[in-house]
Novice: 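Please read through the structure below; I'll follow up with questions.
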Amino acid sequence: SPRRFLEFEDAVEADGPAAMARAVRSQVERGVDWIKVLLTGGLASPHETVDGPQLSDEELAALLATAGQRGVPVAAHCGGARPAERFAELGGRTVEHGYVLDERAAARMAAAGTWLDPTLGVSHDEAMMRAEGWPGYAVERALAVAPQHRESLRACLAAGVRVVTGADLNPIGPRLHAELGFLEQAGMSRQEVLRAATVASRALNGLGDHPAPAPGAAADLLLLDGDPLQDLAVLREPAGVLAFGRFLVRP
């Protein structure tokens, strides 16, 4: 039998609305800040598609109602348009991937305030896939959906969906820098890309739309040797990194 592509050590499998609600409560009791649900298939299994739904409407509604009751936002691994649309209607916070979204789904996401984290790298970065030893079926499926993935992002941008950067696969650093380039190649402006990687992430995580340059604020700063509006590569090796007011890398 083929080896398993991905294993989720901390995932909880649940069938039925009651079990779904219990699964959310158990994760919240462990102190999680987010719930992530595998709403559709993806690239990991030879027996699924990127847009095929994996939950009933009753299961999804129970999950989101329970998370909302506990005040915990929900992210959805989601490739398909209709599952993304329903997720947004029920109060989901962010769609991860969005491989084959359409204008209707994008409009519903924008109206509901649901974010998109496109993770273009998982369908565009063939060198990464080969280096990581992805199974052939996963590479083929990823590359085949890449053009639709770009169009999905463009539809969301046109509809006013807020976009945030994510890398989805470790190591986050190299993946994130590659992701910035893919987002720009797909049609986002340099400023939109930088916003998605910085203040947009703050807003998505409930930290406010803008940093507060005031005494007593926790200082998270990148000190750069150049202007990222001119060259994204200057982000790869910052001259200094200040996190929570302490230097992790000194200039």
Side-chain angles (χ1 to χ4, degrees), residues 33-34 36 73-79 81 84 87-88 92-103 105-125 128 142 145-213 218 220-224 226-238 241-243:
D33 297 310
W34 283 75
K36 184 172 183 180
V74 180
H77 166 102
C78 178
F87 178 72
R93 177 73 66 84
T94 177
V95 168
E96 311 290 314
H97 310 309
Y99 296 114
V100 290
L101 303 179
D102 57 19
E103 291 181 358
R108 295 289 175 87
M109 289 169 61
T114 301
W115 295 70
L116 174 68
D117 178 8
T119 69
L120 289 182
V122 298
S123 66
H124 286 64
D125 197 342
M128 175 270 292
V145 81
Q148 291 172 285
H149 201 177
R150 290 193 298 274
E151 290 304 315
S152 295
L153 170 60
R154 291 166 185 162
C156 285
L157 290 169
V161 175
R162 290 178 293 181
V163 175
V164 69
T165 55
D168 193 59
L169 297 168
N170 287 321
I172 288 296
R175 298 284 180 268
L176 179 60
H177 290 296
E179 183 70 13
L180 301 182
F182 289 128
L183 291 174
E184 191 167 70
Q185 292 165 22
M188 291 179 70
S189 70
R190 178 69 55 84
Q191 192 159 7
E192 286 175 328
V193 169
L194 292 173
R195 180 175 294 275
T198 54
V199 292
S201 297
R202 286 180 50 86
L204 173 61
N205 285 282
L207 300 174
D209 289 333
H210 301 285
D220 297 321
L221 302 171
L222 283 177
L223 307 180
L224 306 174
D227 182 359
L229 286 172
Q230 301 300 319
D231 182 9
L232 279 177
V234 302
L235 294 169
R236 292 179 176 268
E237 295 184 9
V241 178
L242 192 66

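Keep in mind it's a predicted model, so treat the numbers as computed, not measured.
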Novice: Under a 4.5 Å cut-off applied to non-hydrogen side-chain atoms, are Leu194 and Leu232 in contact?
Specialist: yes

Novice: Could you list the residues that satisfy side chain to side chain donor-acceptor pair (under 3.5 Å) with Thr119, not counting sequence neighbours?
Specialist: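 So Thr119 forms a side chain to side chain donor-acceptor pair (under 3.5 Å) with His97.
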
Novice: Are the side chain of Glu179 and the backbone of Leu120 linked by a donor-acceptor contact shorter than 3.5 Å?
Specialist: yes

Novice: Between atom CH2 of Trp115 and atom SG of Cys156, what is the distance when rounded to the nearest 0.5 Å?
Specialist: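 Separation between the atoms: 13.0 Å.
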
Novice: Carefully, step by step, assess Val163 and Leu157 under the rule side chain to side chain contact (heavy atoms under 4.5 Å, CB included).
Specialist: CA-CA 8 Å; Val163 175; Leu157 290 169; 3.7 Å; yes

Novice: Is it true that Glu151 and Arg154 have a side-chain N and a carboxylate O under 4.0 angstrom from each other?
Specialist: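 Looking at Glu151 and Arg154, the cut-off is met.
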
Novice: With a 3.5 Å distance limit and no angle check, can you tell me whether Thr114 reaches the backbone of Gly92 through a side-chain donor-acceptor pair?
Specialist: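 Side chain of Thr114 to backbone of Gly92, a donor-acceptor pair under 3.5 Å: yes, one is there.
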
Novice: Side chain to side chain contact (heavy atoms under 4.5 Å, CB included) for Val74 and Lys36? Distances and angles first, verdict last.
Specialist: CA-CA 6 Å; Val74 180; Lys36 184 172 183 180; over 6 Å; no

Novice: Taking all heavy atoms of Ala159 and all of Ala110, pick out the closest pair and write down the distance.
Specialist: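 That closest heavy-atom pairing would be O-CB, 3.3 Å.
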
Novice: Can you find a pair of side-chain heavy atoms, one from Leu180 and one from Leu235, that are under 4.5 Å apart?
Specialist: yes

Novice: Got Glu96 and Thr94 here, is their nearest side-chain heavy-atom distance under 4.5 Å?
Specialist: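 Touching, per the 4.5 Å side-chain cut-off.
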
Novice: Specify the closest pair of heavy atoms between Gly98 and Ser152, including all atoms of both residues, with the distance to one decimal.
Specialist: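 So the minimum-distance heavy-atom pair works out to O-CB, 3.1 Å.
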
Novice: Roughly how far apart are Glu192 CD and Thr165 OG1, rounded to 0.5 Å?
Specialist: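 So the CD of Glu192 and the OG1 of Thr165 are separated by 13.0 Å.
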
Novice: Is it the case that the side chain of Arg202 and the backbone of Leu207 share a donor-acceptor pair, with hydrogens and angles ignored and the cut-off at 3.5 Å?
Specialist: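 Yes; at least one donor-acceptor contact below 3.5 Å.
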
Novice: Would you indicate whether the side-chain heavy atoms of Val234 and Asp227 approach each other to under 4.5 Å?
Specialist: no

Novice: With a sphere of 6.0 Å drawn around CG of Asp33, does it hold more than 12 non-hydrogen atoms of other residues, nucleotides or ligands?
Specialist: no

Novice: Could you give me the CA-CA distance, side-chain angles and deciding distance for Leu223 and Val241, then say whether side chain to side chain contact (heavy atoms under 4.5 Å, CB included) is met?
Specialist: CA-CA 6 Å; Leu223 307 180; Val241 178; over 6 Å; no

Novice: For His124 and His149, indicate whether the former's side chain and the latter's backbone hold a donor-acceptor pair under 3.5 Å.
Specialist: no

Novice: Tell me, which pairs form a salt bridge (Lys or Arg N to Asp or Glu O under 4.0 Å) where one or both residues lie in residues 105-122, sequence neighbours left out?
Specialist: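 Qualifying pairs, neighbours excluded: Glu85-Arg108, Glu89-Arg108.
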
Novice: For Leu153 and Pro118, which heavy atoms make the closest approach, and how far apart are they?
Specialist: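 In terms of heavy atoms, the two residues are closest at CD1-CG, 4.0 Å.
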
Novice: Is the backbone of Met128 close enough, under 3.5 Å, to the side chain of Asp125 for a donor and an acceptor to pair up by distance?
Specialist: yes

Novice: Say you draw a straight line from CG of Leu183 to CZ of Arg190; how long is it, rounded to the nearest 0.5 Å?
Specialist: 12.0 Å

Novice: Hey, does the side chain of Gln148 reach the backbone of Val100 with a donor-acceptor pair shorter than 3.5 angstrom?
Specialist: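 Answer holds: no.
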
Novice: Could you measure the distance from the CD atom of Gln185 to the CE atom of Met188? Nearest 0.5 Å is fine.
Specialist: 13.0 Å

Novice: Please find the pair of heavy atoms, one from Val164 and one from Ala200, that lie closest to each other, and give the distance.
Specialist: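 Of all heavy-atom pairs spanning Val164 and Ala200, the closest is CG2-C, 4.1 Å.
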
Novice: Please report the interatomic distance CD(Gln191) to CG(Leu229), rounded to the nearest 0.5 Å.
Specialist: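 That separation rounds to 6.0 Å.
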
Novice: Determine the interplanar angle of the His77 and Tyr99 rings, folded into 0 to 90°, and report it as parallel if under 30°, tilted if 30 to 60°, perpendicular if over 60°.
Specialist: perpendicular

Novice: Please examine the side chains of Phe87 and Met109, heavy atoms only from C-beta on, and report whether any two atoms are closer than 4.5 Å.
Specialist: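 No; the side chains remain at least 4.5 Å from each other.
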
Novice: Measuring from Leu116:CG to Leu101:CG, what's the distance to the nearest 0.5 Å?
Specialist: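 With rounding to 0.5 Å, CG (Leu116) is 6.5 Å from CG (Leu101).
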
Novice: Minimum heavy-atom separation for Ser123 to Ala146, with atom names?
Specialist: O-CB, 3.3 Å

